[in-house]
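Below is one structure, written out as C-alpha cells; the observations come after it.
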Amino acid sequence: MRVLLVEDDNALVNRLKPELKSAGFAVEVSVDGVDAEFMGLEEAFDVIVLDLGLPKKPGMQVLQSWRSAGCTTPVLILTARDAWHERVDGLKAGADDYLGKPFHTEELLARLEALVRRQHGHASSLLEVAGLQLDSDRQTVLDAQGQQHQLTGVEFRLLRYLMLNPDRILSKTQLSEHVYEEDQLRDSNVIEVYINRLRQYLGKNVILTRRGQGYSLPSTPAATH
C-alpha cells in the first residue's frame with residue numbers, strides 16, 4: 001500500500017518512515033501544503049497522513065482542495081491533542097480519521113490499516129480473498145490448502161494490493177507504484193519475478209496474467225495446484 005505522509009517535522013518523519021515501511025507501506029513524503037496538494041491530486045495513494053500545521057498552505061485547505069476536486073483517498077489528520085476544534089473541522093472537511101500528537105506509532109499503523117480495509121470493503125484485520133488469508137501483523141499468508149507461508153516485504157505488499165483489488169486487472173506500473181517508493185528502481189521485470197514467487201507459494205492459477213494488460217487475482221480462482 002502506498003501512503004503519502006504530509007509532515008514538516010523532520011524528526012517525526014525520520015521516526016515514522018521506517019516504521020511505516022516495516023508495516024508494509026511504500027512511503028512518499030511531502031513537507032509543505034502546496035506540494036502535498038499537487039501530489040494528492042496527481043498521484044495514486046491508498047491512504048494519506050496529513051498534518052494541519054504546514055508551511056505554504058495549511059493542511060485544512062489542502063484537505064478541502066482534495067475533496068473539492070473529487071479525491072476520495074482516505075485521510076487521517078494529525079492534530080494537537082487538545083485541539084478538539086481542529087478535529088471537528090477536519091472531519092467536516094472530509095477527513096476519515098484523526099490522531100492527536102503525541103501518539104504511539106502502533107496506533108497510527110492500526111488506524112491506517114483500518115482505513116484502507118474499510119475503503120476496500122473489509123472489516124477484519126485478517127484479509128480473506130479467494131481462499132487466501134493474509135495476516136498483516138505477521139506478514140504471512142495461509143493458502144487454500146491450509147499451508148502458511150512467510151512473505152518478504154515486497155511479496156507481502158504485492159499480494160496485499162492484489163487481494164484488496166480482486167478481479168481487477170492491475171498493470172505492472174500500478175503494482176510498482178503501490179509496492180515501491182518513488183526513489184526505488186521500478187523494473188517491470190522485477191514485478192514479474194515476485195508474481196512468480198507468489199505463484200510458487202499459492203499455485204499458478206491464483207494470480208492470472210492478462211497479456212498486454214497486467215495481472216489479476218480472481219475472487220473465485222480455479223484449482224490452485
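Keep in mind that what you see is a predicted model, and the values were worked out from it rather than measured.
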Backbone of Gln61 reached by a side-chain donor or acceptor of Ser65 within 3.5 Å
no
Looking only at heavy atoms, the pair that brings Arg138 and Gln150 closest together is O-NE2, 3.1 Å
Where the side chain of Asp167 meets the backbone of Ser219, is there a donor-acceptor pair that is under 3.5 Å apart? yes
Q. So do Tyr215 and Glu192 actually touch side chain to side chain, heavy atoms under 4.5 Å?
A. yes
field: SB check Glu113 Arg160 (cutoff 4.0 Å)
entry: yes
Discussion item. Is there a side-chain contact between Val49 and Leu4 in this structure, where contact means two heavy atoms from C-beta onward sitting under 4.5 Å apart?
Written reply: no
Task: Between Thr140 and Asp135, a side-chain donor and acceptor under 3.5 Å - done: no
>> Check whether Trp66 reaches the backbone of Thr72 with its side chain - one donor and one acceptor, N or O, closer than 3.5 Å.
In response: no
Review point. Hey, does the side chain of Arg111 reach the backbone of Leu99 with a donor-acceptor pair shorter than 3.5 angstrom?
Key: no
Report yes if the side chains of Tyr194 and Leu159 come closer than 4.5 Å at any heavy-atom pair, otherwise no.
no
Evaluate side chain to side chain contact (heavy atoms under 4.5 Å, CB included) for Leu198 paired with Glu155, printing each intermediate quantity in order.
CA-CA 7 Å; Leu198 291 174; Glu155 291 166 354; 4.1 Å; yes
Report task. Could you go through the side chain to side chain contact (heavy atoms under 4.5 Å, CB included) check for Val47 and Phe25 one step at a time? Result -> CA-CA 10 Å; Val47 66; Phe25 288 93; 4.1 Å; yes
Exercise for the section: Would you sort out whether Lys101 and Glu7 count as a salt bridge (charged side-chain N to carboxylate O under 4.0 Å, His left out), showing the intermediate values? Expected result: CA-CA 12 Å; Lys101 294 180 179 180; Glu7 174 60 67; 3.0 Å; yes
Quiz prompt | Donor-acceptor under 3.5 Å (Gln139 side chain, Leu134 main chain) | solution = no
(message) Checking the side chain of Gln174 only, and the main-chain atoms of Ser171 only, is there a donor and an acceptor separated by less than 3.5 Å?
(response) yes
Between Asp35 and Ser30, the two heavy atoms sitting closest are OD2-OG, 2.8 Å
Taken to the nearest 0.5 Å, the spacing of Asp46 CG from Leu164 CG works out to 7.5 Å
Fill in: hydrophobic_cluster_shared for Val31 and Val3, side chain cutoff 4.5 Å
yes
Rounding to 0.5 Å, atoms CG (Leu108) and CZ (Phe103) come to a distance of 5.0 Å
Margin query: Any heavy-atom pair between the side chains of Leu16 and Thr105 that's under 4.5 Å?
Written below: yes
Rounded to the nearest 0.5 angstrom, the CG-CD1 distance for Leu175 and Ile195 is 6.0 Å
Requested in this report: Report yes if some heavy atom in the side chain of Leu76 is under 4.5 Å from a heavy atom in the side chain of Ile48; otherwise report no.
Outcome: no
Closest heavy-atom pair, Arg2 versus Glu28, reported as atoms and distance to 0.1 Å, is NH2-CG, 3.6 Å
- Heavy-atom side-chain proximity of Leu132 to Leu142 below 4.5 angstrom: no
* Asked: Can you check whether Tyr201's main-chain N or O pairs, donor with acceptor, with His149's side chain at less than 3.5 Å?
  -> yes
> Is there side-chain contact between Pro218 and Leu208, with at least one heavy-atom pair below 4.5 Å?
Replying inline: yes
Note to self: According to a hydrophobic-cluster definition based on side-chain heavy atoms being under 4.5 Å apart (Ile, Leu, Val, Met, Phe, Trp, Tyr only), do Leu12 and Leu109 belong together?
What the structure shows: yes
dist Asp9:CG -> Leu54:CG (nearest 0.5 Å) comes out at 11.0 Å
### Side-chain heavy atoms of Val88 within contact of Leu91, under 4.5 Å
no
Query raised in the report: Is Phe156 linked to Tyr161 within one hydrophobic cluster, defined over Ile, Leu, Val, Met, Phe, Trp and Tyr using a side-chain heavy-atom separation of less than 4.5 Å?
Result: yes
Quiz prompt | Step-by-step side chain to side chain contact (heavy atoms under 4.5 Å, CB included) determination, Leu162 to Arg157 | solution = CA-CA 9 Å; Leu162 287 163; Arg157 293 194 292 271; over 6 Å; no
Discussion item. Assess the residue pair Asp8 and Asp51 against the criterion (side chain to side chain contact (heavy atoms under 4.5 Å, CB included)); give the C-alpha distance rounded to whole Å, side-chain angles, the decisive distance to 0.1 Å, and a yes or no.
Written reply: CA-CA 8 Å; Asp8 64 328; Asp51 184 37; 3.6 Å; yes
Heavy-atom nearest pair, Met60 first then Glu86, reads CE-O, 3.8 Å
message: Side-chain heavy atoms nearer than 4.5 Å, only ILVMFWY residues, links allowed to pass through others: does that put Leu41 and Val75 together?
response: yes
So CG of Leu170 and OG of Ser176: to nearest 0.5 Å the spacing works out to 11.0 Å
- Message: Taking atom OH as the centre, does Tyr98 end up with more than 12 heavy-atom neighbours from other residues, nucleotides or ligands that are less than 6.0 angstrom away?
- Response: no
Rounded to the nearest 0.5 angstrom, the CZ-CE distance for Arg117 and Met1 is 9.0 Å
Note: Arg15-Glu19 ion pair, threshold 4.0 Å (strictly below):
no
Are Leu158 and Val141 co-members of a hydrophobic cluster defined by side-chain heavy atoms under 4.5 Å apart? yes
In short, Ala36 meets Val6 closest at the heavy-atom pair CB-CG1, 3.5 Å
Ala93 and Arg67 have their tightest heavy-atom pair at O-CG, 3.5 Å
